[in-house]
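The chains referred to below are lettered A, B, ... by the order of the sequence lines, with proteins before strands, and numbering in each begins at 1.
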2 protein chains.
Amino acid sequence: MENKMALNNQLCFSIYNANRLFGRFYQQILAPYQLTYTQYLVLLALWENDQRTLHDLGRELHLASNTLTSLLKRMETAGWLVRLRPEKDRRQLIVQLTEKGKTAQDQIERDLSQCVSENNLDPTKYQQLLADNEKLIAALRGIVDK
Amino acid sequence: MENKMALNNQLCFSIYNANRLFGRFYQQILAPYQLTYTQYLVLLALWENDQRTLHDLGRELHLASNTLTSLLKRMETAGWLVRLRPEKDRRQLIVQLTEKGKTAQDQIERDLSQCVSENNLDPTKYQQLLADNEKLIAALRGIVDK
DNA sequence: ATTGATTCAATCTTATTCGATTGATTGCGA
DNA sequence: TCGCAATCAATCGAATAAGATTGAATCAAT
(Lines give C-alpha, C1' and ligand atoms only; values in the text may rest on other atoms or scores of the structure.)
Protein backbone atom coordinates (compact mmCIF):
# COMPACT_ATOMS: atom_id res chain seq x y z
CA MET A 1 0.00 0.00 0.00
CA GLU A 2 1.71 3.19 -1.11
CA ASN A 3 -0.36 6.05 0.19
CA LYS A 4 -3.28 5.46 2.52
CA MET A 5 -4.77 8.85 1.70
CA ALA A 6 -4.55 8.45 -2.07
CA LEU A 7 -7.80 9.13 -3.85
CA ASN A 8 -8.05 5.59 -5.16
CA ASN A 9 -7.70 4.11 -1.68
CA GLN A 10 -10.69 6.06 -0.44
CA LEU A 11 -13.85 4.03 0.01
CA CYS A 12 -15.87 7.25 -0.13
CA PHE A 13 -14.51 7.92 -3.62
CA SER A 14 -15.30 4.38 -4.69
CA ILE A 15 -18.87 4.71 -3.45
CA TYR A 16 -19.14 8.16 -5.03
CA ASN A 17 -18.13 6.70 -8.40
CA ALA A 18 -20.36 3.65 -8.06
CA ASN A 19 -23.33 5.90 -7.33
CA ARG A 20 -22.72 8.06 -10.37
CA LEU A 21 -22.25 4.99 -12.55
CA PHE A 22 -25.53 3.52 -11.30
CA GLY A 23 -27.08 6.84 -12.27
CA ARG A 24 -25.79 6.45 -15.80
CA PHE A 25 -26.72 2.77 -15.91
CA TYR A 26 -30.33 3.46 -15.00
CA GLN A 27 -30.40 6.50 -17.22
CA GLN A 28 -29.81 4.22 -20.21
CA ILE A 29 -32.65 1.93 -19.22
CA LEU A 30 -35.00 4.72 -18.13
CA ALA A 31 -34.41 7.05 -21.07
CA PRO A 32 -37.45 5.73 -23.01
CA TYR A 33 -39.62 6.58 -19.99
CA GLN A 34 -38.15 10.06 -19.43
CA LEU A 35 -37.43 9.06 -15.85
CA THR A 36 -34.41 10.04 -13.78
CA TYR A 37 -32.63 7.70 -11.37
CA THR A 38 -34.16 9.34 -8.29
CA GLN A 39 -37.61 9.33 -9.85
CA TYR A 40 -37.20 5.59 -10.42
CA LEU A 41 -36.41 5.14 -6.71
CA VAL A 42 -39.66 6.93 -5.90
CA LEU A 43 -41.54 4.58 -8.22
CA LEU A 44 -39.88 1.55 -6.59
CA ALA A 45 -41.08 2.75 -3.20
CA LEU A 46 -44.61 3.39 -4.48
CA TRP A 47 -44.83 0.02 -6.25
CA GLU A 48 -44.32 -1.52 -2.81
CA ASN A 49 -46.68 0.79 -0.97
CA ASP A 50 -48.96 3.09 -2.89
CA GLN A 51 -51.04 5.92 -1.47
CA ARG A 52 -48.69 7.05 1.25
CA THR A 53 -47.83 10.47 2.58
CA LEU A 54 -44.80 12.49 1.49
CA HIS A 55 -43.53 12.05 5.03
CA ASP A 56 -43.81 8.26 4.90
CA LEU A 57 -42.18 8.10 1.47
CA GLY A 58 -39.39 10.30 2.75
CA ARG A 59 -38.82 8.01 5.71
CA GLU A 60 -38.07 5.10 3.39
CA LEU A 61 -35.98 7.10 0.90
CA HIS A 62 -34.30 9.18 3.62
CA LEU A 63 -35.42 12.33 1.85
CA ALA A 64 -37.32 15.29 3.28
CA SER A 65 -39.77 17.72 1.73
CA ASN A 66 -37.00 20.03 0.53
CA THR A 67 -36.06 17.35 -1.99
CA LEU A 68 -39.34 15.52 -2.43
CA THR A 69 -41.70 18.42 -3.03
CA SER A 70 -40.26 19.48 -6.37
CA LEU A 71 -39.40 15.89 -7.31
CA LEU A 72 -43.00 14.78 -6.83
CA LYS A 73 -44.33 17.86 -8.64
CA ARG A 74 -42.22 16.97 -11.67
CA MET A 75 -43.45 13.38 -11.53
CA GLU A 76 -47.04 14.58 -11.30
CA THR A 77 -46.54 16.83 -14.32
CA ALA A 78 -45.12 13.84 -16.19
CA GLY A 79 -48.22 11.83 -15.23
CA TRP A 80 -46.66 9.15 -13.01
CA LEU A 81 -48.61 10.06 -9.89
CA VAL A 82 -51.08 12.49 -8.35
CA ARG A 83 -50.64 14.62 -5.23
CA LEU A 84 -53.70 14.79 -3.00
CA ARG A 85 -54.63 16.77 0.12
CA PRO A 86 -56.46 14.48 2.54
CA GLU A 87 -59.57 16.00 4.13
CA LYS A 88 -58.74 14.70 7.59
CA ASP A 89 -55.37 16.47 7.79
CA ARG A 90 -54.74 19.12 5.21
CA ARG A 91 -51.12 19.60 6.25
CA GLN A 92 -50.29 16.25 4.73
CA LEU A 93 -49.81 15.23 1.13
CA ILE A 94 -50.86 11.85 -0.23
CA VAL A 95 -48.92 10.46 -3.15
CA GLN A 96 -50.79 8.06 -5.39
CA LEU A 97 -49.71 6.28 -8.58
CA THR A 98 -51.66 6.87 -11.77
CA GLU A 99 -52.47 4.04 -14.17
CA LYS A 100 -49.39 5.06 -16.13
CA GLY A 101 -47.33 4.77 -12.95
CA LYS A 102 -48.74 1.35 -12.10
CA THR A 103 -48.52 -0.22 -15.53
CA ALA A 104 -44.96 0.95 -16.14
CA GLN A 105 -43.68 -1.46 -13.49
CA ASP A 106 -43.89 -4.61 -15.62
CA GLN A 107 -42.17 -3.14 -18.63
CA ILE A 108 -39.39 -1.43 -16.67
CA GLU A 109 -38.68 -4.62 -14.71
CA ARG A 110 -38.50 -6.55 -17.98
CA ASP A 111 -36.08 -4.00 -19.46
CA LEU A 112 -33.95 -4.20 -16.34
CA SER A 113 -33.76 -7.97 -16.06
CA GLN A 114 -32.89 -8.17 -19.76
CA CYS A 115 -30.05 -5.68 -19.28
CA VAL A 116 -28.79 -7.50 -16.18
CA SER A 117 -28.78 -10.91 -17.89
CA GLU A 118 -27.11 -9.49 -21.00
CA ASN A 119 -24.29 -8.21 -18.87
CA ASN A 120 -23.80 -11.32 -16.73
CA LEU A 121 -23.95 -9.67 -13.35
CA ASP A 122 -23.34 -12.38 -10.76
CA PRO A 123 -26.32 -12.57 -8.33
CA THR A 124 -24.18 -14.03 -5.53
CA LYS A 125 -21.64 -11.23 -5.65
CA TYR A 126 -24.52 -8.77 -5.90
CA GLN A 127 -26.06 -10.08 -2.67
CA GLN A 128 -22.69 -10.17 -0.90
CA LEU A 129 -21.87 -6.59 -1.86
CA LEU A 130 -25.35 -5.48 -0.85
CA ALA A 131 -24.98 -7.10 2.57
CA ASP A 132 -21.52 -5.57 3.12
CA ASN A 133 -22.74 -2.18 2.02
CA GLU A 134 -25.62 -2.33 4.46
CA LYS A 135 -23.13 -2.94 7.25
CA LEU A 136 -21.16 0.09 6.16
CA ILE A 137 -24.35 2.13 6.10
CA ALA A 138 -25.22 1.01 9.60
CA ALA A 139 -21.76 2.04 10.79
CA LEU A 140 -22.03 5.43 9.06
CA ARG A 141 -25.49 6.04 10.45
CA GLY A 142 -24.09 5.37 13.91
CA ILE A 143 -21.60 8.15 13.35
CA VAL A 144 -23.60 10.80 11.51
CA ASP A 145 -27.04 10.37 13.04
CA LYS A 146 -26.71 12.39 16.19
CA MET B 1 -36.11 -13.41 -0.42
CA GLU B 2 -39.54 -11.85 -0.59
CA ASN B 3 -39.43 -9.34 -3.42
CA LYS B 4 -36.40 -9.05 -5.65
CA MET B 5 -37.44 -5.59 -6.80
CA ALA B 6 -38.03 -4.22 -3.30
CA LEU B 7 -36.24 -0.97 -2.64
CA ASN B 8 -34.15 -2.47 0.13
CA ASN B 9 -32.91 -5.27 -2.11
CA GLN B 10 -31.53 -2.80 -4.61
CA LEU B 11 -27.77 -2.42 -4.57
CA CYS B 12 -28.17 0.93 -6.29
CA PHE B 13 -30.25 2.20 -3.39
CA SER B 14 -27.68 0.91 -0.92
CA ILE B 15 -24.88 2.70 -2.77
CA TYR B 16 -27.04 5.82 -3.08
CA ASN B 17 -27.54 5.86 0.70
CA ALA B 18 -23.89 5.11 1.46
CA ASN B 19 -22.82 7.99 -0.76
CA ARG B 20 -25.12 10.44 0.94
CA LEU B 21 -23.99 9.23 4.37
CA PHE B 22 -20.34 9.68 3.40
CA GLY B 23 -21.29 13.20 2.38
CA ARG B 24 -22.68 13.86 5.85
CA PHE B 25 -19.75 12.11 7.52
CA TYR B 26 -17.19 14.30 5.76
CA GLN B 27 -19.34 17.35 6.23
CA GLN B 28 -18.94 16.95 9.98
CA ILE B 29 -15.17 16.70 9.71
CA LEU B 30 -14.82 19.39 7.05
CA ALA B 31 -17.16 21.95 8.60
CA PRO B 32 -14.33 23.83 10.38
CA TYR B 33 -12.61 24.23 7.00
CA GLN B 34 -15.72 25.36 5.12
CA LEU B 35 -15.10 22.58 2.63
CA THR B 36 -17.70 20.44 0.90
CA TYR B 37 -17.29 16.72 0.23
CA THR B 38 -16.57 17.24 -3.48
CA GLN B 39 -14.11 20.03 -2.72
CA TYR B 40 -12.31 17.62 -0.39
CA LEU B 41 -12.04 15.10 -3.23
CA VAL B 42 -10.44 17.83 -5.36
CA LEU B 43 -7.94 18.52 -2.58
CA LEU B 44 -7.15 14.79 -2.26
CA ALA B 45 -6.39 14.68 -5.98
CA LEU B 46 -4.21 17.82 -5.80
CA TRP B 47 -2.31 16.60 -2.74
CA GLU B 48 -1.22 13.67 -4.88
CA ASN B 49 -0.47 15.69 -8.00
CA ASP B 50 -0.40 19.44 -7.81
CA GLN B 51 -0.23 21.86 -10.74
CA ARG B 52 -2.29 19.91 -13.19
CA THR B 53 -4.82 20.97 -15.79
CA LEU B 54 -8.56 21.00 -15.26
CA HIS B 55 -8.71 18.30 -17.89
CA ASP B 56 -6.25 16.06 -16.05
CA LEU B 57 -7.98 16.61 -12.73
CA GLY B 58 -11.28 15.76 -14.36
CA ARG B 59 -9.86 12.53 -15.75
CA GLU B 60 -9.09 11.30 -12.24
CA LEU B 61 -12.32 12.54 -10.66
CA HIS B 62 -14.45 11.60 -13.67
CA LEU B 63 -15.75 15.15 -13.83
CA ALA B 64 -15.80 17.54 -16.78
CA SER B 65 -15.61 21.31 -17.05
CA ASN B 66 -19.36 21.70 -16.63
CA THR B 67 -18.93 20.63 -13.00
CA LEU B 68 -15.31 21.57 -12.34
CA THR B 69 -15.27 25.14 -13.63
CA SER B 70 -17.58 26.58 -10.97
CA LEU B 71 -16.28 24.17 -8.32
CA LEU B 72 -12.69 25.37 -8.85
CA LYS B 73 -13.78 29.01 -8.96
CA ARG B 74 -15.40 28.63 -5.55
CA MET B 75 -12.26 26.94 -4.20
CA GLU B 76 -10.12 29.75 -5.62
CA THR B 77 -12.36 32.34 -3.97
CA ALA B 78 -11.98 30.44 -0.69
CA GLY B 79 -8.19 30.52 -1.12
CA TRP B 80 -7.48 26.81 -1.51
CA LEU B 81 -5.98 27.07 -4.99
CA VAL B 82 -5.24 29.39 -7.89
CA ARG B 83 -6.34 29.02 -11.51
CA LEU B 84 -3.67 29.90 -14.06
CA ARG B 85 -3.63 30.23 -17.85
CA PRO B 86 -0.43 28.68 -19.17
CA GLU B 87 1.35 30.75 -21.83
CA LYS B 88 2.06 27.77 -24.04
CA ASP B 89 -1.60 26.82 -24.46
CA ARG B 90 -4.09 29.41 -23.35
CA ARG B 91 -7.06 27.11 -23.84
CA GLN B 92 -5.97 25.14 -20.79
CA LEU B 93 -6.32 25.92 -17.12
CA ILE B 94 -3.68 24.99 -14.57
CA VAL B 95 -4.87 24.32 -11.03
CA GLN B 96 -2.32 24.94 -8.30
CA LEU B 97 -2.63 24.66 -4.52
CA THR B 98 -1.98 27.73 -2.39
CA GLU B 99 -0.03 27.51 0.87
CA LYS B 100 -3.39 27.25 2.63
CA GLY B 101 -4.31 24.33 0.38
CA LYS B 102 -1.02 22.56 1.00
CA THR B 103 -0.80 23.04 4.74
CA ALA B 104 -4.40 21.96 5.35
CA GLN B 105 -3.52 18.39 4.42
CA ASP B 106 -1.83 17.47 7.70
CA GLN B 107 -4.56 18.84 9.93
CA ILE B 108 -7.42 17.35 7.92
CA GLU B 109 -5.73 13.93 7.85
CA ARG B 110 -5.26 14.14 11.62
CA ASP B 111 -8.94 15.03 12.13
CA LEU B 112 -9.96 12.15 9.90
CA SER B 113 -7.78 9.47 11.47
CA GLN B 114 -8.98 10.56 14.88
CA CYS B 115 -12.60 10.24 13.81
CA VAL B 116 -11.97 6.85 12.22
CA SER B 117 -10.22 5.46 15.31
CA GLU B 118 -12.89 6.86 17.63
CA ASN B 119 -15.51 4.96 15.69
CA ASN B 120 -13.65 1.66 15.38
CA LEU B 121 -13.92 1.21 11.66
CA ASP B 122 -12.31 -2.13 10.84
CA PRO B 123 -9.46 -1.58 8.30
CA THR B 124 -9.73 -5.13 6.95
CA LYS B 125 -13.43 -4.82 6.19
CA TYR B 126 -12.74 -1.39 4.74
CA GLN B 127 -10.20 -2.82 2.29
CA GLN B 128 -12.45 -5.75 1.41
CA LEU B 129 -15.41 -3.51 0.70
CA LEU B 130 -13.21 -1.16 -1.31
CA ALA B 131 -11.93 -4.04 -3.44
CA ASP B 132 -15.44 -5.41 -4.04
CA ASN B 133 -16.74 -1.99 -4.90
CA GLU B 134 -13.98 -1.48 -7.44
CA LYS B 135 -15.03 -4.71 -9.13
CA LEU B 136 -18.60 -3.42 -9.28
CA ILE B 137 -17.36 -0.16 -10.75
CA ALA B 138 -15.38 -2.00 -13.40
CA ALA B 139 -18.49 -4.00 -14.31
CA LEU B 140 -20.64 -0.87 -14.47
CA ARG B 141 -18.08 0.98 -16.57
CA GLY B 142 -18.15 -1.91 -18.98
CA ILE B 143 -21.87 -1.38 -19.40
CA VAL B 144 -22.25 2.39 -19.39
CA ASP B 145 -19.06 3.51 -21.11
CA LYS B 146 -20.07 3.41 -24.76
C1' DA C 1 -0.50 31.58 -44.79
C1' DT C 2 -5.31 30.36 -44.73
C1' DT C 3 -8.94 27.33 -43.93
C1' DG C 4 -10.98 23.72 -41.46
C1' DA C 5 -11.01 20.40 -37.78
C1' DT C 6 -9.93 19.66 -33.07
C1' DT C 7 -9.31 20.66 -28.30
C1' DC C 8 -10.23 23.12 -24.47
C1' DA C 9 -12.73 25.77 -20.58
C1' DA C 10 -16.79 28.21 -19.97
C1' DT C 11 -21.69 28.67 -20.11
C1' DC C 12 -26.60 27.25 -19.92
C1' DT C 13 -30.25 24.46 -18.46
C1' DT C 14 -32.43 20.86 -15.74
C1' DA C 15 -32.49 17.89 -11.69
C1' DT C 16 -31.23 16.62 -7.49
C1' DT C 17 -29.41 17.18 -2.29
C1' DC C 18 -29.68 19.60 1.85
C1' DG C 19 -29.59 23.14 5.68
C1' DA C 20 -32.60 26.58 7.03
C1' DT C 21 -36.77 29.05 7.26
C1' DT C 22 -41.77 29.90 6.47
C1' DG C 23 -46.54 29.37 6.83
C1' DA C 24 -50.61 26.75 7.19
C1' DT C 25 -52.98 23.42 9.99
C1' DT C 26 -53.81 20.65 13.86
C1' DG C 27 -53.77 19.31 18.64
C1' DC C 28 -53.40 20.07 23.40
C1' DG C 29 -53.48 22.24 27.86
C1' DA C 30 -55.29 25.87 30.81
C1' DT D 1 -62.30 28.62 23.90
C1' DC D 2 -57.94 30.66 23.63
C1' DG D 3 -53.31 30.42 22.71
C1' DC D 4 -49.16 27.97 22.27
C1' DA D 5 -46.58 24.04 20.71
C1' DA D 6 -46.02 20.62 17.34
C1' DT D 7 -46.35 18.88 12.72
C1' DC D 8 -46.51 19.20 8.12
C1' DA D 9 -45.35 20.62 3.09
C1' DA D 10 -43.46 24.32 0.76
C1' DT D 11 -39.89 27.60 -0.19
C1' DC D 12 -35.18 29.52 -0.46
C1' DG D 13 -30.35 29.43 -1.33
C1' DA D 14 -26.08 27.10 -2.22
C1' DA D 15 -23.48 23.24 -4.24
C1' DT D 16 -23.09 19.52 -7.06
C1' DA D 17 -23.97 16.50 -11.57
C1' DA D 18 -24.42 16.20 -16.32
C1' DG D 19 -26.08 16.86 -21.33
C1' DA D 20 -25.63 20.31 -24.65
C1' DT D 21 -23.79 24.31 -26.78
C1' DT D 22 -20.45 28.16 -27.34
C1' DG D 23 -16.33 30.42 -28.30
C1' DA D 24 -11.52 30.92 -28.03
C1' DA D 25 -7.17 28.88 -29.16
C1' DT D 26 -4.37 25.53 -31.43
C1' DC D 27 -3.11 22.28 -34.87
C1' DA D 28 -2.96 20.21 -39.37
C1' DA D 29 -3.23 20.02 -44.18
C1' DT D 30 -3.20 22.25 -47.89
Side-chain angles (χ1 to χ4, degrees), chain A residues 12-13 15-28 30-31 34-42 52-59 61-78 80 83-95 144-146, chain B residues 12-13 15-28 30-31 34-42 52-59 61-78 80 83-95 144-146:
Chain A
C12 68
F13 185 55
I15 299 273
Y16 169 85
N17 286 322
N19 185 51
R20 289 171 57 207
L21 284 167
F22 263 126
R24 279 196 261 166
F25 173 77
Y26 279 98
Q27 186 177 290
Q28 287 183 351
L30 299 171
Q34 301 260 82
L35 280 169
T36 66
Y37 180 35
T38 314
Q39 288 172 13
Y40 168 68
L41 293 178
V42 170
R52 54 213 292 202
T53 63
L54 183 153
H55 188 83
D56 186 45
L57 198 55
R59 198 177 40 75
L61 294 166
H62 305 285
L63 290 171
S65 64
N66 50 8
T67 301
L68 281 176
T69 295
S70 54
L71 183 55
L72 294 173
K73 278 183 180 174
R74 273 189 292 273
M75 292 182 75
E76 184 178 45
T77 302
W80 298 106
R83 298 158 67 253
L84 306 169
R85 292 286 168 191
E87 272 307 308
K88 54 177 213 167
D89 187 344
R90 298 219 308 287
R91 290 171 302 184
Q92 296 188 40
L93 183 78
I94 301 287
V95 182
V144 302
D145 284 357
K146 62 206 141 304
Chain B
C12 67
F13 184 56
I15 299 273
Y16 169 85
N17 286 322
N19 184 51
R20 289 172 56 208
L21 285 167
F22 263 127
R24 279 197 260 167
F25 172 77
Y26 279 99
Q27 186 177 288
Q28 287 183 351
L30 299 172
Q34 301 259 83
L35 280 168
T36 66
Y37 180 35
T38 315
Q39 288 171 13
Y40 168 68
L41 293 179
V42 170
R52 52 212 294 203
T53 63
L54 183 155
H55 187 82
D56 186 46
L57 198 56
R59 197 176 41 74
L61 295 166
H62 304 287
L63 291 171
S65 64
N66 50 8
T67 301
L68 280 177
T69 294
S70 54
L71 182 55
L72 294 174
K73 279 183 181 174
R74 274 189 292 272
M75 293 183 73
E76 184 178 45
T77 301
W80 298 107
R83 298 158 68 252
L84 306 169
R85 291 289 168 188
E87 271 309 306
K88 54 177 214 168
D89 187 344
R90 298 218 309 287
R91 288 171 305 183
Q92 298 189 47
L93 183 79
I94 300 287
V95 181
V144 302
D145 284 357
K146 60 202 150 307

Just call it for B:Thr36: base, sugar-phosphate, or nothing, with non-hydrogen atoms closer than 4.0 Å on any strand. sugar-phosphate
Let me spell it out: for each of A:Glu87 and A:Leu71, pick the nucleotide of DNA chain C with the closest heavy atom. Which residue's pick is nearer the 5' end? A:Leu71
Watson-Crick or G-U wobble partner of C:dT3, both distances under 3.5 Å: D:dA28
Go through the N and O atoms of the side chain of A:Ser65 and the base of D:dA10, and report whether any donor-acceptor pair is under 3.5 Å. yes
B:Gln27, nearest nucleotide to its side chain (from C:dG19, C:dA10, C:dT17): C:dG19
A:Asp89 side chain: which of C:dA10, C:dT26, D:dA9 is closest? C:dT26
Regarding B:Asn66, tell me which of base, sugar-phosphate or nothing describes its non-hydrogen contacts under 4.0 Å with the strands shown. base
Would you give the length of the straight line joining atom CG of A:Leu71 to atom CE of A:Met75, rounded to the nearest 0.5 angstrom? 6.5 Å
From C:dA9, C:dC18, D:dA18, nucleotide with atom closest to B:Thr69 side chain: C:dA9
What does the list of N/O pairs under 3.5 Å between the protein and nucleotides 2-7 of chain D look like, with a distance for each?
from, atom 1, to, atom 2, distance (Å)
D:dT7, O2, A:Arg91, NH1, 3.1

What does B:Leu68 touch in the nucleic acid at a heavy-atom separation under 4.0 angstrom: a base, only the sugar-phosphate, or nothing? nothing
Where does the angle between the aromatic ring planes of B:Phe25 and B:Phe22 fall among parallel (under 30°), tilted (30 to 60°) and perpendicular (over 60°)? perpendicular
A:Thr67 near the nucleic acid: base, sugar-phosphate alone, or nothing, with a heavy-atom cut-off under 4.0 Å? base
Checking contacts here: which listed nucleotide (D:dA10, D:dA25, C:dA15) is nearest the side-chain heavy atoms of B:Arg90? D:dA25
On DNA chain C, nearest-nucleotide positions of A:Pro86 versus A:Leu63: which is more 5'? A:Leu63
